[in-house]
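On a predicted model such as this, the values are computed, not experimentally measured, just so you know.
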Amino acid sequence: MPPSLQDQLVVAISSRALFDFEEENRLFEAGDAAAYMRTQLERIDVPAKPGVAFSLVRKLLAFNEPGQHRVEVVILSRNDPVSGMRVFRSAAAAGISLERGVFTQGRDPFRYLRPLGAHLFLSANEADVRQALSLGFPAARVVTDSAQAMGNHADEVRIAFDGDAVLFADEAEQVFQKKGLAAFQAHEKRKAALPLPDGPFKPLLSALHRLQQSSGGAMRLRTVLVTARSAPAHERAIRTLMHWGVGVDEAMFLGGLPKGEFLREFEPDFFFDDQTGHIEHAARHVPAGHVASGVTNPGHARELTALAQTKVE
């Protein structure tokens with residue numbers, strides 16, 4: 001039988017999300033692709049420093065055991081194939097087992113998410129992330145100057161999620177943005193028993209749940225919902241998770257308090273949020289990624305409309 005990624009958690013990640021290539025990337029962004037390739041080749045035997053998502057990837061891969069390959073991480077990068085050699089060598093030097101990679105040399109990489117069956121796409125390129133979200137894949141733009149994971153929980157993958165427009169659709173967030181807090185609270189209290197629609201990261205949460213259920217080894221998974229909601233709007237969020245049959249280990253209903261300090265105490269390997277203000281604050285303390293979804297990211301709605309029109313045509 002040919003190899004298959006079915007029944008595995010598949011994470012597609014760009015080279016800049018996994019490793020610190022910011023110095024080299026400045027050459028690329030300046031328009032000197034040749035200098036970028038030359039620099040990467042000159043440094044091919046110099047292991048790159050860990051990037052923002054390094055801890056998340058390393059810990060997820062630790063779920064793999066002899067005869068039980070539960071997680072696949074694939075490099076999906078705008079890098080050229082020559083630069084890709086340094087990515088694989090850096091991974092080997094760090095003790096990370098990577099076997100697969102797609103290097104498009106500046107072309108759009110997100111179209112390869114479908115054949116990979118990816119459950120998550122992490123990239124430093126905002127346009128690629130937006131396109132991936134529009135195609136229905138959980139995706140986040142890695143904030144490359146985020147704080148690194150603290151590393152105090154070697155046997156536990158810790159992931160933090162915002163609620164509205166991340167785990168849940170932005171139905172309630174639209175009410176808040178248009179009519180204010182009081183209307184939002186009344187809306188959510190009135191619909192407390194009605195599950196929220198699925199958000200872009202619900203498939204990832206479900207895949208993580210399956211990973212946890214299938215693992216009997218030393219690695220564990222711990223998730224937390226970190227939301228600006230407060231009582232009485234908390235109930236609908238909890239009931240939605242119950243309806244899905246997928247729980248989280250912790251929930252923080254912060255009522256608008258800044259999330260960063262709470263996340264610092266939880267010590268996640270990664271945090272996902274749709275609002276840039278929340279991400280900027282959180283990134284001072286923990287690895288963070290922006291999910292360009294929902295009413296607070298208006299470009300996302302335009303992309304979804306364009307995609308729908310393309311499918312019709």
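Minimum interatomic distance between V246 and S206 (heavy atoms only, all atoms of both residues): CG2-OG, 4.1 Å. Here the shortest heavy-atom pairing between A288 and V52 reads N-CG1, 4.1 Å. Scanning both residues, F121 and A132, for their nearest heavy atoms gives CD2-CB, 3.7 Å. In this structure, A35 and L27 approach most closely via the heavy-atom pair O-CD1, 3.9 Å. Between L196 and A172, the shortest heavy-atom contact is CD2-CB, 4.5 Å. Nearest heavy atom pair, residue P200 against residue P203, reads O-CD, 3.4 Å.
Linking ILVMFWY residues whenever their side-chain heavy atoms come closer than 4.5 Å, directly or via other members, places V291 and V11 in the same cluster. Hydrophobic clustering keeps V143 apart from I159 (ILVMFWY residues linked when any side-chain heavy atoms are closer than 4.5 Å, directly or through intermediates). Hydrophobic clustering (side-chain heavy atoms under 4.5 Å, transitive across Ile, Leu, Val, Met, Phe, Trp, Tyr) keeps F266 apart from L204. L18 and V286 are not part of a single hydrophobic cluster, where members link through side-chain heavy atoms under 4.5 Å apart. F19 and V142 fall within the same hydrophobic cluster, where Ile, Leu, Val, Met, Phe, Trp and Tyr residues are linked whenever their side-chain heavy atoms come under 4.5 Å apart, directly or through other members.
The backbone N or O of D274 lies less than 3.5 Å from a partner atom in the side chain of N297, making a donor-acceptor pair. Distance alone, capped at 3.5 Å, places no donor-acceptor pair between the K179 side chain and the F184 backbone. Side-chain N or O atoms of T104 include one that pairs as donor or acceptor with a backbone N or O of S77 at under 3.5 Å. In this structure, H290 contributes its side chain and D273 its backbone to no donor-acceptor pair below 3.5 Å. Judged by distance alone, with hydrogens and angles left aside, the side-chain atoms of H69 form a donor-acceptor pair with the main-chain N or O of V71 at under 3.5 Å. A donor-acceptor contact shorter than 3.5 Å links the side chain of R86 to the backbone of V46. Looking only at distances, no side-chain donor or acceptor of H119 sits under 3.5 Å from a matching main-chain atom of L9. Here the side chain of R236 pairs a donor or acceptor atom with the backbone of K191 at under 3.5 angstrom. With D170 contributing its side chain and E173 its backbone, the two residues share no donor-acceptor pair below 3.5 Å.
Between P3 and E99 there is no side-chain heavy-atom pair separated by less than 4.5 Å. A heavy-atom distance below 4.5 Å is not found between the side chains of Q68 and F63. V82 has its side chain out of reach of Q40: every pair of non-hydrogen atoms, C-beta onward, lies at least 4.5 Å apart. Taking 4.5 Å as the limit, every side-chain heavy atom of H153 sits out of range of all side-chain heavy atoms of R222. V226 places a side-chain heavy atom less than 4.5 Å from the side chain of L254. Residues V224 and V248 form no side-chain contact, since every pair of their non-hydrogen atoms from C-beta on lies 4.5 Å or further apart. Inter-residue side-chain proximity for E171 and H187 is flagged as met; some heavy-atom pair is nearer than 4.5 Å. Side-chain contact between H209 and L221: absent, with no pair of heavy atoms (C-beta onward) separated by less than 4.5 Å.
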Assess the residue pair L135 and L113 against the criterion (side chain to side chain contact (heavy atoms under 4.5 Å, CB included)); give the C-alpha distance rounded to whole Å, side-chain angles, the decisive distance to 0.1 Å, and a yes or no.
CA-CA 9 Å; L135 292 171; L113 293 169; 5.7 Å; no

Is there a side chain to side chain contact (heavy atoms under 4.5 Å, CB included) between F176 and L181? Walk through the geometry before answering.
CA-CA 6 Å; F176 174 74; L181 179 59; 3.9 Å; yes

Please step through side chain to side chain contact (heavy atoms under 4.5 Å, CB included) for the pair L205 and L241, ending with a clear verdict.
CA-CA 10 Å; L205 184 64; L241 294 172; 3.9 Å; yes

Check step by step if side chain to side chain contact (heavy atoms under 4.5 Å, CB included) holds for M150 and R264.
CA-CA 9 Å; M150 296 181 188; R264 180 188 63 208; 3.5 Å; yes

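Defined by atom type and a distance below 3.5 Å, a donor-acceptor pair is present between the side-chain atoms of S230 and Q185.
Of the charged side-chain nitrogens involved, at least one lies within less than 4.0 Å of a carboxylate oxygen, so that E65 and R70 count as a salt-bridged pair. R78 and D108 are joined by a salt bridge, as a carboxylate oxygen and a charged side-chain nitrogen come within less than 4.0 angstrom of each other. With salt bridges taken as basic N to acidic carboxylate O contacts below 4.0 Å, none links D269 and R58.
Rounding to the nearest 0.5 Å gives a distance of 8.0 Å between CD of E23 and OG1 of T39.
Less than 6.0 angstrom separates the ring centroid of F201 from the ring centroid of F272.
Ring planes of F168 and W244: tilted class, angle from 30 to 60°.
R43 pairs with exactly one of E24, R38, R89 by the side-chain contact (heavy atoms from CB on, under 4.5 Å) rule, that one being E24.
Residues forming a salt bridge (charged side-chain N to carboxylate O under 4.0 Å, His left out) with R284 (at least two apart in sequence, or on another chain): none.
Crowding of Q6 atom CD: a count of heavy atoms from other residues, nucleotides or ligands under 6.0 Å not exceeding 12.
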